[in-house]
Amino acid sequence: MSKPYEEVGLIQEEYNKILEYLDREPNELELNMYGVMWSEHCSYKHSRALFKHFPTTGKRVLQGPGENAGIVDIGDNLGIAMKIESHNHPSAIEPYQGAATGVGGIIRDIFAMGARPIALLNSLRFGEIEKSDRVKYLLEGVVEGIAGYGNCIGIPTVGGEVSFNASYNGNPLVNAMCVGVIEHDKIHRGNASGVGNSIMYVGAATGRDGMGGASFASVELTEESEEKRSAVQVGDPFMEKLLIEACLELLETGSIVGIQDLGAAGLTSACCETATRGEGGMEIDVLKVPRREKGMLPVEVMISESQERMVLIVEKGREAEVTEIVERWGLHAVIIGKVTDNGRLIVKEGDKVVGDMPAFSLDASGAPKYYKDYEVPEYYKEVKNFSSEEINEPEDYNQTMLEMLKSPNIASKEWIYKQYDHMVRTNTVVKPGSDAAVLRIRGTKKGIALTTDCNSRYCYLNPKEGSKIAVAEAARNIIASGGKPIAITDGLNFGNPNKPDRYWQFRESIIGIGEACRELDTPVISGNVSLYNETEMQAIHPTPIIGMVGVLEDVEKNCTIDFKEEGDVIILLGETKDEIGGSEYLARIHGLEKGEIPFLNFALEKKVQKFVLETIEDELLQSAHDLSEGGMAIALIEGCMNRTLGANINIETKLRKDVVLFSESQSRFIITVKPSLVKEVEDRLIKQKIPYTLLGKVAGEALTITINQEEVINMPIKQIEDTWRGALKCLMG
Amino acid sequence: MKVKVYVTLKKSIADPQGTAIQGALKKIGYPIVEEVRIGKLIELQLGEISVESAQQQVKEMCEKLLANTVIEDYSFELID
Amino acid sequence: MKVKVYVTLKKSIADPQGTAIQGALKKIGYPIVEEVRIGKLIELQLGEISVESAQQQVKEMCEKLLANTVIEDYSFELID
Amino acid sequence: MKFAIIVFPGSNCDVDFYHAFKDGFGVDIEYVWHDTENIDEFDCIILPGGFSYGDYLRCGAVAGFSKVMEAVRHHAEKGKLLVGVCNGFQILTEMRLLPGALVRNQNLKFICNTVGIKVENNQTPFTNKCEKGQILNIPIAHGEGNYVADAETLKKLKEKGQILFTYSDNPNGSLLNIAGVCNEQGNVMGMMPHPERAYESILGNEDGRLILQSIIAFLQGGWKNE
Ligand SMILES: Nc1ncnc2c1ncn2[C@@H]1O[C@H](COP(=O)(O)OP(=O)(O)O)[C@@H](O)[C@H]1O
Ligand SMILES: [Mg+2]
């Protein structure tokens with residue numbers, strides 16, 4: 001027989017802590033509330049201690065981690081609110097609804113700050129799609145779910161990433177990111193302050209959805225989880241659209257003291273978090289909560305994760321005003337309780353008190369906090385054993401190229417992003433398919449650039465350096481689009497933290513992100529942790545997803561990756577080294593996932609990034625593109641594609657041909673420059689001591705690459721394009 | 001043989017679509033409608049097959065593809 | 001009273017979803033399925049009402065909202 | 001000359017239309033809430049894209065019952081201009097103000113893309129600034145844009161010149177590649193592609209302007225059917 005506290009996912013010492021807080025045994029309601037709140041998902045008990053490694057302040061930071069979303073200043077009295085959130089386990093069980101409700105949840109976090117949501121991104125990881133129908137089913141459902149929710153609610157899905165790797169065979173990852181815009185003086189927080197103020201509930205009725213979903217989200221998936229399938233929540237984007245409009249209108253009236261979405265752990269978390277941030281206490285009556293089903297128990301009402309619900313803390317006496325606005329939007333608002341200052345969260349059922357706990361004790365501030373043991377995993381040393389001499393050079397590079405283009409990691413993702421309305425609201429200036437999405441900010445000259453990035457193979461081979469690269473790569477994508485990176489949100493997806501080698505990955509990664517964010521001056525303003533992403537067989541590769549925002553002072557000066565005109569000169573910035581460890585080439589062509597990952601030198605990185613941004617701003621560049629998976633060869637091809645323009649490339653080198661083409665050395669970009677401006681660009685490069693190579697010219701309708709006088713690649717763009725665009729579509733049937 | 005498969009959302013699963021349609025029916029003059037649930041009606045035309053075999057195969061199809069048993073229930077009838 | 005409303009696509013209207021499902025069924029081992037058509041099953045819970053009145057009101061609801069008679073047929077049964 | 005955009009719960013492209021007409025052409029345009037009764041002052045009514053009432057049951061099915069839609073029906077009967085784009089088109093067919101229906105895209109997927117549409121008839125209030133046969137590049141974003149109608153209706157549409165736009169490369173399975181049609185009187189138009197998403201160079205495309213300009217020109221009396 002398992003102990004009651006074990007059933008809600010707690011351990012003996014945690015139970016003892018509850019006894020201390022209450023000075024008595026908890027009843028079932030209370031125990032479940034502690035269970036969900038002290039899960040990893042809500043309490044960050046394994047991760048909080050590590051967050052000190054993150055830089056979270058800066059002159060642009062208006063709101064750092066700790067609220068529903070972070071906010072950074074972009075000038076003109078405007079801020080950008082953003083956050084990323086995982087919905088991995090729900091998506092593994094019911095891909096459509098799991099992904100849809102992930103999107104719905106993250107949108108609520110944004111408008112709960114008072115910001116208007118303007119863009120969505122998504123970062124996806126799946127297993128081996130070429131081998132598994134199950135993976136196809138998951139991808140299909142997840143993409144439809146994201147599309148179903150985002151399209152209906154009318155927020156454009158402007159970017160994201162997807163990649164495939166055996167480590168996700170048992171655990172797909174679905175992380176959704178939302179970005180909003182807000183005026184500085186309109187920022188709202190989840191504070192329950194002002195004794196006597198009313199707690200009002202708005203939105204969908206409460207049902208038995210996602211029962212135990214929060215603690216469920218923190219245990220390893222086993223065969224048993226099949227039985228917990230009723231944990232599926234269903235999203236209602238139409239309801240949420242009304243909620244957005246109603247809440248943003250309400251926030252204008254000044255009647256709202258605090259606002260909080262109901263996410264993981266539902267009412268329980270909304271109550272204790274707002275109480276803790278505010279006056280300290282709250283009293284609510286579960287009988288007042290609108291319900292979808294008859295006969296619900298207080299505990300079911302308190303931990304239900306029904307979607308599309310919000311809690312408002314309303315200034316006493318102004319409830320009618322709130323009700324009126326909410327009803328105009330076809331929704332209902334009811335008073336479910338009030339703010340107190342006795343520090344207790346009191347749950348009543350009518351007149352009867354059914355739960356009474358110190359509010360803060362449920363919240364992260366009262367939850368346990370762990371410093372775990374860690375140890376370097378066994379694989380870590382082994383995988384480093386690699387040198388490029390071990391592998392044979394391909395005989396036919398045209399063939400190798402085609403094989404690379406067919407890799408689902410390299411192939412065009414348009415099968416995905418064409419299912420997303422990425423244009424609604426007519427602010428999307430650079431659409432999916434370039435390095436970062438660019439949106440204009442109406443009423444200003446400004447734009448913002450958005451991206452998500454993470455190469456999890458790197459993070460597996462070297463969590464700390466790989467995580468640094470994730471941040472640097474995100475920054476490069478922003479820079480290549482003409483934006484100045486200003487902040488990140490991080491989605492940390494890892495395995496079981498109770499295993500010391502997993503915890504080591506987690507810790508190393510956080511340290512790496514912190515270091516990179518300090519170097520690149522992009523503070524962490526929000527984030528999400530998802531642990532236990534493993535099955536009996538296997539843990540996922542460490543996957544710290546970096547969502548980054550940048551500002552363009554003049555949105556007209558955005559830049560895209562595609563070559564623009566015949567005759568433009570193609571220049572490679574940075575240095576190519578023998579760094580094919582951990583590369584897509586090594587994995588795809590040679591079936592190896594090993595080696596030292598490329599070395600990231602921040603001094604060079606910053607120099608190159610600064611150069612690219614300045615030359616874009618000075619309108620010297622026709623196109624810019626960072627080099628990532630697949631190296632120079634793939635970056636060149638991506639430049640050729642959109643306008644079906646070829647290129648003639650000529651390289652002299654001492655390196656192996658496959659290394660030149662596919663090495664993933666860091667801090668590199670490909671830029672194209674009008675012939676008349678090449679001198680100016682070269683002068684600047686020389687002056688700033690940036691290594692560069694003149695690669696060739698945009699020309700014709702084929703890509704030709706000659707290395708040391710030998711033509712190794714000659715492919716019509718049309719053929720390249722058909723392969724690259726068709727690969728994912730073809731896989732999906 | 002013709003088969004009608006009925007796929008409905010499980011009772012415990014929210015049906016926002018049904019709720020919205022109930023609201024719409026109310027608005028256009030049918031307050032008598034207290035609840036709406038929206039499901040699927042899937043009509044299959046089968047080739048030559050015995051009743052037992054049809055029974056069994058249709059059940060399998062429902063479990064595997066036609067219904068998502070995580071959130072849906074199903075039933076079916078053979079028609080001839 | 002409970003009502004089940006069945007809404008099906010008219011024969012003349014193509015049903016790509018049905019075709020896709022037929023293809024999928026074939027792929028996973030059910031070539032016996034020759035045709036699939038996807039319709040809707042709408043379950044209504046009505047309050048206190050006479051059979052005649054229910055008949056008439058449900059018919060109206062179908063004509064007005066539950067079915068689009070340009071492309072769909074409907075039928076229903078009262079259950080109680 | 002005054003435009004109204006009807007706003008339903010769930011409309012998304014109301015704002016896009018507003019900006020396209022206001023910022024693009026400086027015309028007088030207002031949002032009109034779905035429960036408004038009187039819309040006499042407006043010369044042209046726009047039903048915008050989006051997911052009115054969640055598009056539950058069928059796209060555009062519920063919106064037709066909004067209070068304002070009776071007035072919209074009268075507006076159309078009087079011969080004044082009524083334009084439905086995307087969800088607006090779906091609403092117009094659901095209300096039988098336009099023939100046919102819009103069903104699920106043939107590939108069963110939502111499609112967001114920019115596609116070529118051919119102007120089939122330029123002798124209308126909505127196309128008079130276009131050349132006949134001209135190809136416009138206009139964004140689409142829909143899951144149910146597959147136009148169907150019975151053979152007789154299609155024949156009539158063709159004969160009477162009611163087919164205004166056809167897809168160059170049919171994305172959704174529409175019969176006769178239909179992307180947009182008008183009623184027999186020629187004052188009510190519905191189309192799936194979004195001209196309001198293509199009114200400005202920064203969005204990478206200005207082809208939609210021709211359609212908006214046509215409407216403005218007609219209302220200014222600058223165009224008469226020959
Ligand atoms: N899941 C997705 N959702 C939306 N857009 C995506 C998704 N996956 C990829 N994209 C888009 O495809 C383009 C290429 O993505 P990716 O190869 O990851 O770019 P990069 O290597 O520059 O980071 C980007 O514009 C990206 O936003
Ligand atoms: Mg890039």
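In what follows, chains carry the letters A, B, and so on, assigned in the order in which the sequence lines appear, proteins first and then strands, with residues in each chain numbered from 1.
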Side chain, backbone, both or neither: which part of [X] has a non-hydrogen atom closer than 4.5 Å to chain C?
X: Leu65(B); result: side chain
X: Lys2(B); result: neither
X: Ile28(B); result: both
X: Glu60(B); result: both

Counting heavy-atom pairs under 4.5 Å with chain C, the top scorer among Ser53(B), Gly47(B), Ala24(B) is Gly47(B)
task: Go through Lys40(B), Glu48(B), Met61(B) and name the one with the most non-hydrogen pairs under 4.5 angstrom from chain C.
output: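 Ranked by heavy-atom pairs under 4.5 Å with chain C, first place is Met61(B).
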Exam field: side chain [X] to backbone [Y], donor-acceptor pair closer than 3.5 Å:
X: Asp15(C); Y: Leu9(C); answer: no
X: Gln22(C); Y: Val33(C); answer: yes
X: Arg37(C); Y: Lys10(C); answer: yes
X: Glu72(C); Y: Asn68(C); answer: yes

Residue among Ile32(C), Val7(C), Val36(C) with most heavy-atom pairs under 4.5 Å to chain B: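 Most heavy-atom pairs under 4.5 Å with chain B: Ile32(C).
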Greatest number of non-hydrogen atom pairs under 4.5 angstrom with chain B, of Ile21(C), Leu41(C), Leu25(C), falls to Leu41(C)
When rounded to the nearest 0.5 Å, the distance separating CG of Leu46(B) from CD of Glu35(C) is 11.0 Å
ask   = Rounded to the nearest 0.5 Å, how far apart are CD1 of Ile38(C) and CD1 of Ile42(B)?
value =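 Result: 4.5 Å between the selected atoms.
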Q | Portion of Thr8(C) that has a non-hydrogen atom of chain B nearer than 4.5 angstrom | A |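 For Thr8(C), the side chain is the part near chain B, not the backbone.
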Worksheet entry | Residue part contacting chain B, namely of Lys4(C), when any heavy atom lies under 4.5 Å |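 Neither part.
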Handout entry: Heavy atoms from other residues, nucleotides or ligands near NZ of Lys64(B) exceed 12 (cutoff 6.0 Å)
Key =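 It does: Lys64(B) NZ has more than 12 such atoms within range.
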